[in-house]
Protein chains: 2
Amino acid sequence: MAAGENITIKDIAERCGVSVTTVSRVLNEKPDVNDETRARVLKVIEDSNYRPNGMARSLVINQTYSVGLIIPDINNPYFPEVARGVEDQAQDSSYSVIFSSTDNKLEQEQEVIDLMLQKRVDGLIVSLSLANRDILKRLESRNIPVVQLDRKIPDSIYPAVMIDNQQSAYKAVQFLIDEGYKEIAHITGDLQTVPGQDREDGYRKAILDNDLRLAEDMIFEGNFSKRSGYEAMEQMIASGNLPEAIFAANDMMALGVLEACRHAEIRIPEDLVLIGHDNISISNLVYPALTTMAQPKYKLGRQASKMLIDLINIKQKKGSLDKEDFFADQILETKLVRRGSTARV
Amino acid sequence: MAAGENITIKDIAERCGVSVTTVSRVLNEKPDVNDETRARVLKVIEDSNYRPNGMARSLVINQTYSVGLIIPDINNPYFPEVARGVEDQAQDSSYSVIFSSTDNKLEQEQEVIDLMLQKRVDGLIVSLSLANRDILKRLESRNIPVVQLDRKIPDSIYPAVMIDNQQSAYKAVQFLIDEGYKEIAHITGDLQTVPGQDREDGYRKAILDNDLRLAEDMIFEGNFSKRSGYEAMEQMIASGNLPEAIFAANDMMALGVLEACRHAEIRIPEDLVLIGHDNISISNLVYPALTTMAQPKYKLGRQASKMLIDLINIKQKKGSLDKEDFFADQILETKLVRRGSTARV
DNA sequence: TTGAAAGCGCTAACAG
DNA sequence: CTGTTAGCGCTTTCAA
């Protein structure tokens with residue numbers, strides 16, 4: 001056990017008979033140091049298993065090489081993959097990531113951001129609740145590098161990495177139409193969120209662009225939860241007026257539809273065709289497997305991470321960030337994944 | 001934008017006309033400070049939106065209030081829930097968590113642990129690959145607080161929070177037996193891992209304890225992946241000798257079984273009954289829903305987090321950790337969750 | 001109840 | 001090529 005007081009750069013310097021400056025130089029791979037000296041120092045470092053104290057270092061260089069990742073819930077099937085992308089990219093640049101789930105609670109978001117700022121993270125990747133433009137404003141005024149993920153809060157200066165929800169929904173519906181379906185219902189996501197709204201817009205646009213009838217009673221309001229998908233399907237069944245196809249604004253709701261159909265002995269895809277959105281991993285494990293619009297979740301995380309680190313580097317170089325330093329939003333493509341739930345019969 | 005150089009304790013002191021010591025005192029809620037002074041300082045802090053620099057603070061108090069979480073893959077359906085537990089508990093104590101996925105790669109594990117130690121995390125929660133006892137030894141010698149999660153590396157001094165895999169498997173099989181099934185097959189997990197081995201042991205024990213026939217050809221080696229479950233099932237089908245029930249060492253493999261059965265038109269639970277292990281969230285979303293042994297994943301994370309923080313506090317108090325400071329392993333109970341895949345018909 | 005001063009472990013001019 | 005010195009922003013004796 002033995003306490004083994006942490007060994008410092010000073011100890012190394014002494015053991016080598018050089019100054020701490022010199023040790024610092026070899027630590028940071030600066031050029032101006034005699035090869036022989038360098039070798040000696042390196043050896044002692046190795047032997048004593050010395051690791052520089054990152055905090056002390058951070059304090060003086062004013063950079064921690066860590067970033068914060070703030071998401072609604074790591075348990076939400078959408079986020080682990082995103083998180084992994086963020087982490088992998090961060091690690092490539094020797095950054096660490098501190099993460100925090102907020103359950104979309106304003107107070108929580110506030111709190112964890114505060115905590116992270118005290119820890120002096122170099123920047124933040126955030127997926128915030130809509131109501132929180134104030135937080136972003138405050139971050140702006142403190143000149144903190146931030147990139148938004150998945151959701152973009154309007155009128156924020158910070159760039160976002162996300163998909164085009166409207167276009168993606170449009171493509172989903174267009175696919176159904178191309179397959180020959182005319183009566184297409186939509187189960188919306190949470191309409192308090194931008195993705196929820198945008199996906200509904202995409203649905204409407206596709207219907208109209210194809211000169212199909214846009215019936216308001218074919219639009220059912222959900223909230224992205226499985227249960228809401230289940231209930232929407234129950235409503236359709238109760239109405240006695242089944243559509244030919246359903247576009248659910250996300251996969252979880254599509255799973256709810258699947259379940260309701262099973263109970264009602266409605267066969268998918270024979271009696272009703274179904275498409276979801278997001279391609280969460282489960283969607284390939286249920287039966288019938290879900291046709292869906294795949295979000296490049298891993299890549300979203302990776303790009304956001306990369307963008308943030310680029311921003312941090314700019315700030316580090318210039319001393320601060322100005323409007324023109326921010327990148328344009330990055331919109332990644334979704335991709336149709338055809339599976340059983342829309343199979344031709 | 002404006003750079004707005006970070007404001008420091010010194011600035012506050014000046015604006016208040018007091019010394020930094022005094023400001024520090026109110027910051028840390030020390031008693032010895034005049035109420036009136038305290039109020040004044042607090043006001044200025046509030047007005048200037050000042051946040052103390054955590055790094056500087058950490059440097060002197062030698063504690064960062066952050067812990068590292070090292071797991072194989074946040075994408076593995078088992079871990080997000082665990083991570084959430086770790087995080088929630090950490091947050092309750094104002095700790096942050098830095099996380100890292102290692103894919104069970106020794107080199108990765110080594111690297112991220114090193115990175116975290118440089119950042120001076122106060123402790124580590126780890127779920128390491130079996131081969132990595134050396135890492136733990138090194139951590140011990142550096143007197144780092146650590147708790148193991150899910151898997152325990154033998155002969156390590158560090159406590160673990162986990163389930164009793166053997167007993168849990170035993171209970172699963174006993175349940176099948178109690179339901180009246182006699183021919184029960186087992187698809188093992190990765191036998192290079194302790195959980196894989198232990199679950200097989202539990203299966204064997206239950207069979208023997210109940211005086212059933214332990215047939216080696218009823219044990220199929222898998223590796224925890226869905227595919228391996230699928231293939232095992234294919235083998236059973238090909239052999240023309242179906243069991244009455246199957247215990248799959250985890251849910252993913254059970255999912256593979258489900259799929260293979262669908263292809264072969266074997267009905268579950270009518271023709272064959274199936275139980276998995278872990279209760280990953282998917283298991284309730286497939287059809288038929290999977291009967292399984294539920295791991296208290298969230299709680300595992302929470303307990304591990306709590307144990308680690310307790311350890312950190314002890315170390316902080318005593319200056320170092322000795323053998324007798326470590327807690328006993330914490331073994332949490334799994335619970336049978338009955339669902340469709342074992343429904344009586 | 002308050003402040004001066006030393007120091008946490010490191011980096012970065014500056015001088016030699 | 002190397003060392004001296006002055007901090008980074010905070011806490012903590014010690015004295016007043």
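Just so it is clear, the values below take in all heavy atoms, side chains as well, and ignore hydrogens, waters and symmetry mates. Each chain gets a letter, A, B and so on, in the order the sequences are listed, and its residues count up from 1. Since the structure is predicted, the reported quantities are computational estimates derived from the model, not experimental observations.
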Would you say the side chain of S305(B) lies within less than 4.5 Å of the side chain of I125(B), judging by non-hydrogen atoms?
yes
Side chains of I312(A) and Y95(A), heavy atoms from C-beta outward: is any pair under 4.5 Å?
yes
Phosphate OP1/OP2 of dG9(C): any T8(A) side-chain N/O under 4.0 Å
no
Regarding D32(B), tell me which of base, sugar-phosphate or nothing describes its non-hydrogen contacts under 4.0 Å with the strands shown.
base
Side chain to side chain donor-acceptor pair (under 3.5 Å) with E109(B): of S100(B), S127(B), S129(B), only one passes, and it is S129(B)
Heavy atoms from other residues, nucleotides or ligands near NZ of K318(A) exceed 12 (cutoff 6.0 Å):
yes
Under the salt bridge (charged side-chain N to carboxylate O under 4.0 Å, His left out) test, residues paired with R84(A) that sit two or more places apart:
D88(A), D73(B), D103(B)
Here the residues of residues 37-44 of chain A within 4.0 Å heavy-atom distance, strictly under, of DNA chain D are T37(A)
side-chain N/O Y50(B) vs dC10(D) OP1/OP2, d < 4.0 Å
yes
I'd like a list of close polar pairs between nucleotides 11-14 of chain D and the protein, N/O only, cut-off under 3.5 Å.
unit_1: dT11(D); atom_1: OP1; unit_2: N28(B); atom_2: OD1; d: 3.3
unit_1: dT11(D); atom_1: OP1; unit_2: N28(B); atom_2: ND2; d: 3.0
unit_1: dT11(D); atom_1: OP1; unit_2: R57(B); atom_2: NE; d: 2.8
unit_1: dT11(D); atom_1: OP2; unit_2: S24(B); atom_2: OG; d: 2.7
unit_1: dT12(D); atom_1: OP2; unit_2: K30(B); atom_2: NZ; d: 3.4
unit_1: dT12(D); atom_1: O4; unit_2: T21(B); atom_2: OG1; d: 3.3

Can you measure E36(A) atom CD to dT2(D) atom C1' for me and round it to whole angstrom units?
14 Å
From dG3(C), dC1(D), dG9(C), pick the nucleotide closest to the side chain of V18(B)?
dG3(C)
Rounding to 10°, can you tell me the angle the first-five-pair axis of the helix from dT1(C)-dA16(D) to dG16(C)-dC1(D) makes with its last-five-pair axis?
40°
Please tell me whether N34(B) and R40(B) have a donor and an acceptor in their side chains that are separated by less than 3.5 angstrom.
no
Would Y78(A) and L300(A) count as a side-chain contact (heavy atoms from CB on, under 4.5 Å) if you check the C-alpha gap in whole Å, the side-chain angles of each, and the deciding distance to 0.1 Å?
CA-CA 11 Å; Y78(A) 178 79; L300(A) 280 165; 3.4 Å; yes
Set of residues satisfying side chain to side chain contact (heavy atoms under 4.5 Å, CB included) with respect to R133(B), sequence neighbours excluded:
I153(B), P154(B), D155(B)
Between Y65(B) (OH) and dC10(D) (C1'), how many Å, whole number?
14 Å
Let me spell it out: for each of T22(B) and L59(B), pick the nucleotide of DNA chain C with the closest heavy atom. Which residue's pick is nearer the 5' end?
T22(B)
Non-neighbouring partners of Q118(B) that pass side chain to side chain contact (heavy atoms under 4.5 Å, CB included), sequence neighbours left out:
R51(A), P52(A)
